[in-house]
There are 2 protein chains.
Amino acid sequence: MVSTATGRGRPTIRDVAAAAGVSRGTVSRVINGGHWVSPEAREAVERAIADTGYRTNQHARSLATGRSNSLAFLLTEPQDMLFADPNFAILLRGAAEALARRGMTLVLLVAGTPTERENAAAYVADGHVDGVLLISTHADDPLLADLVARGIPTVSCGLPLGFTGQVASVSVDEIGGARTMVRHLRATGRQRVAMVAGPLDTPGGRYRLDGYRDELGADFDERYVAYGDYTVESGAAAMEELLVRAPDLDAVFAASDTMAAGAIATLRKHGRRVPDDVAVGGFDDAGLAATLDPPLTTMHQPFDLISAEMVGLLLDVIAGAPHKSVTMPASLVVRTSA
Amino acid sequence: MVSTATGRGRPTIRDVAAAAGVSRGTVSRVINGGHWVSPEAREAVERAIADTGYRTNQHARSLATGRSNSLAFLLTEPQDMLFADPNFAILLRGAAEALARRGMTLVLLVAGTPTERENAAAYVADGHVDGVLLISTHADDPLLADLVARGIPTVSCGLPLGFTGQVASVSVDEIGGARTMVRHLRATGRQRVAMVAGPLDTPGGRYRLDGYRDELGADFDERYVAYGDYTVESGAAAMEELLVRAPDLDAVFAASDTMAAGAIATLRKHGRRVPDDVAVGGFDDAGLAATLDPPLTTMHQPFDLISAEMVGLLLDVIAGAPHKSVTMPASLVVRTSA
DNA sequence: TGTCAACCTGTGCACGGTCACAGGCTGTGA
DNA sequence: TCACAGCCTGTGACCGTGCACAGGTTGACA
């Protein structure tokens with residue numbers, strides 16, 4: 001019997017109570033943990049729930065409790081950089097799945113333009129979601145400052161440079177990953193490993209360079225480093241620069257796959273074969289890595305694990321746990337370019 | 001003054017009413033359209049809203065109205081095919097933006113596994129969202145049947161083959177797009193245009209082939225058609241088949257960019273130059289189209305417009321309008337391959 | 001002057017839960 | 001026999017909004 005006692009609409013907690021011969025309070029107790037409820041009452045309620053086909057009304061529950069049972073996936077990327085990368089989709093999907101497993105849902109918030117940012121901030125501040133999964137590459141994001149100031153539970157994807165300790169985060173081991181790649185390049189016999197680094201105000205720009213420097217130790221030489229901004233074009237330009245400053249280089253570690261793609265194009269233009277003359281290593285294992293010519297050796301970011309971890313961490317923060325910063329290992333994916 | 005009259009929590013409609021010297025009902029009327037309310041009362045309420053910093057509580061509103069002010073973006077792709085394509089992200093982002101403009105939000109629902117499908121169906125049936133933006137490539141999707149049976153407002157992305165007329169949809173002009181591509185190939189002097197078609201139980205498989213056939217008219221020849229399943233590998237295999245059956249072909253129209261990528265690989269393997277010996281045209285303008293070697297000439301799907309149109313259509317359906325099917329034009333993007 | 005429509009306003013109830021509190025029952029120990 | 005703790009249950013208030021209804025005011029018109 002899936003009809004309701006009252007006859008109209010979906011069965012409510014009252015219908016269940018009536019069917020079970022108990023009060024609303026008891027039904028509520030059974031639904032939420034069920035402490036201090038006699039076995040007979042619990043069984044009766046559970047049967048009544050099954051009989052009536054009762055499902056709790058989230059809107060009513062949210063109104064009463066103030067919680068919403070959903071998290072926001074907040075994107076603060078003005079450009080479509082993240083969007084263009086299949087990894088982003090993996091992150092999004094992973095988060096949605098991790099939430100679905102807990103009976104929660106994911107609300108997608110896009111905050112590209114200033115107007116959108118305001119709306120998103122208002123939406124979050126209004127308590128429509130219990131917390132925020134923040135996806136942002138920029139270190140000095142004012143939106144993050146806003147979230148922190150309002151005390152909204154937040155987990156950042158990637159280390160939030162200006163807010164260390166103030167907000168929980170999940171990030172890949174940038175330094176360790178960079179060191180792994182440099183070690184790999186040198187292990188295959190390369191002597192002079194150059195680097196195309198990213199902007200220093202992003203964690204990927206800063207810490208991947210740190211890892212490169214750490215691994216090289218005394219062999220580190222400023223002339224072998226050039227900078228890009230994660231675009232393909234900037235990688236190509238940085239490579240041009242390196243070929244002038246350090247023409248004897250025999251390997252390049254790019255701080256992102258996109259910049260590696262640009263670097264490869266430049267190398268080819270100048271007649272340097274990849275990987276025969278110059279080995280090229282990237283970072284991210286973005287979608288284009290496998291389809292590049294030659295297929296790119298790179299550091300894989302475990303976005304599926306990262307998103308699951310972010311969800312777990314955020315729920316902890318919501319429950320009152322202190323902020324934590326979790327680091328996930330990057331893994332070397334050897335293809336052809338190095 | 002952004003504090004509340006009662007002192008605790010956020011200001012409610014009562015606080016606004018008190019501040020404006022009117023009743024709750026009048027405040028409610030001002031908020032919702034404001035018909036039948038005197039100019040003075042409206043002004044007083046508006047000022048009171050600004051003074052108190054009042055924002056309407058969606059949970060309470062949803063409980064009272066039964067509406068949720070959000071739509072679901074429902075993905076029914078078992079594999080990550082859609083996810084791997086940046087176009088998917090454009091679709092998602094476009095939908096989120098179109099909703100944000102209306103003060104609504106987008107809930108992401110992933111229904112890959114059977115369990116996920118059930119949960120998603122239950123979630124939707126529970127009235128957590130007002131309607132569903134369905135993203136599915138499979139024609140006979142049981143989830144769609146379920147949605148239709150339950151009378152849940154739905155808009156499909158792409159023509160839902162088994163449900164013509166039963167559900168609103170937004171799709172690209174498959175036939176017209178295919179004809180445009182074939183016309184382009186012939187206009188550049190190609191005489192024997194072959195086709196790598198997709199599965200006939202998908203709209204892209206069926207209608208792009210129809211367009212190809214229509215455009216060729218009397219010149220259509222069954223031997224010049226092979227089938228794939230949208231994967232790169234299947235495109236490569238179909239191309240092998242075509243080279244055997246119709247070795248004199250001088251152009252290929254692939255029903256997707258991924259299959260075009262496979263076709264190009266096969267052609268190169270057999271020493272046919274692209275586009276010198278064989279011109280290749282694709283469909284979708286997927287992310288990989290621009291980075292293929294040579295860059296792929298293809299039909300661009302306007303996913304940004306499609307998503308906005310889907311949202312508009314779904315809101316119409318929710319408002320009680322009859323189901324409509326809207327077709328958006330695909331545009332030819334000429335790169336190097338044809 | 002009475003009737004009536006058009007306009008504006010306030011009030012009570014409903015939406016479907018949660019939670020605090022009071023109170024009943026039972027068994028134990030003084 | 002009484003006090004009291006431990007367990008279980010029911011009730012009323014409340015979360016913040018929308019909506020139907022009733023009623024009040026005003027002006028036009030017969």
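So you know, we letter chains A, B, ... as the sequences are listed, proteins then strands, and number each from 1. The figures here come from the full heavy-atom set of this structure, side chains too, leaving out hydrogens, waters and symmetry mates.
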Only counting residues at least two apart or in another chain, list the ones meeting side chain to side chain donor-acceptor pair (under 3.5 Å) with B/Gln58.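 Result, side chain to side chain donor-acceptor pair (under 3.5 Å) vs B/Gln58: none returned.
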Name all pairs fulfilling the side-chain hydrogen bond (donor to acceptor under 3.5 Å, both in side chains) condition that reach into [range], sequence neighbours left out, sorted by first residue then second.
{"range": "residues 154-168 of chain B", "answer": "none"}
{"range": "residues 124-134 of chain B", "answer": "A/Arg55-B/Asp126, B/Ser68-B/Asp130"}
{"range": "residues 302-312 of chain B", "answer": "none"}

What protein N or O atoms touch nucleotides 23-28 of chain D N or O atoms at under 3.5 angstrom, if any, and at what distances?
none

With a 4.0 Å cutoff (strictly under), does any side-chain N or O of B/Asn57 reach OP1 or OP2 of D/dC15?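 For D/dC15, neither OP1 nor OP2 has a side-chain N or O of B/Asn57 closer than 4.0 Å.
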With respect to the side chain of [X], which nucleotide from [options] is positioned closest?
{"X": "A/Asn32", "options": "C/dT18, D/dG16, C/dG17", "answer": "C/dT18"}
{"X": "A/Leu63", "options": "D/dC15, D/dG18, C/dG17", "answer": "D/dC15"}
{"X": "A/Ala64", "options": "D/dG18, D/dC15, C/dC19", "answer": "D/dC15"}

Kindly give the atom pairs (protein nitrogen or oxygen, nucleotide nitrogen or oxygen) under 3.5 Å for nucleotides 9-12 of chain C.
from   : atom 1 : to      : atom 2 : distance (Å)
C/dT9  : OP1    : B/Ser38 : OG     : 2.6
C/dT9  : OP2    : B/Ser38 : N      : 3.0
C/dG10 : OP2    : B/Ser23 : N      : 2.8
C/dG10 : OP2    : B/Ser23 : OG     : 3.0
C/dG10 : OP2    : B/Thr26 : OG1    : 2.9
C/dG10 : N7     : B/Arg29 : NH2    : 3.2
C/dG10 : O6     : B/Arg29 : NH2    : 2.8
C/dG12 : O6     : B/Arg24 : NH2    : 2.6

Let me check the geometry of the helix from C/dT1-D/dA30 to C/dA30-D/dT1. What is the bend angle between the axes at its two ends, five pairs each, to 10°?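 Comparing the first five pairs with the last five, the axes sit 60° apart.
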Quick one: salt bridge (charged side-chain N to carboxylate O under 4.0 Å, His left out) partners of [X], sequence neighbours excluded?
{"X": "A/Asp316", "result": "none"}
{"X": "B/Glu97", "result": "B/Arg93"}
{"X": "B/Arg150", "result": "B/Asp146"}

Hey, does the side chain of B/Thr65 reach the backbone of B/Arg61 with a donor-acceptor pair shorter than 3.5 angstrom?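 Present.
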Rounded to the nearest Å, what distance is computed from the CZ atom of residue A/Arg67 to the P atom of nucleotide C/dG16?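 Those two atoms, CZ and P, are 20 Å apart.
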Can you tell me which residue pairs pass the ring pair (Phe, Tyr, Trp, His ring centres under 6.0 Å) test with a partner in residues 11-32 of chain A, sequence neighbours excluded?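 The answer is none; no pair qualifies.
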To the closest 0.5 Å, what do you measure between CD1 (B/Ile13) and OG (B/Ser28)?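 Those atoms lie 4.5 Å apart.
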How would you label the contact of B/Thr56 with the nucleic acid (heavy atoms, under 4.0 Å): base, sugar-phosphate, or nothing?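 Sugar-phosphate contact only - B/Thr56 comes under 4.0 Å of backbone atoms but never of a base.
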Show me the donor-acceptor pairs, under 3.5 Å and distance only, between side chains in residues 101-108 of chain A and residues at least two apart or in other chains.
from     : atom 1 : to       : atom 2 : distance (Å)
A/Arg102 : NH1    : A/Ala98  : O      : 3.1
A/Thr105 : OG1    : B/Tyr123 : OH     : 3.4

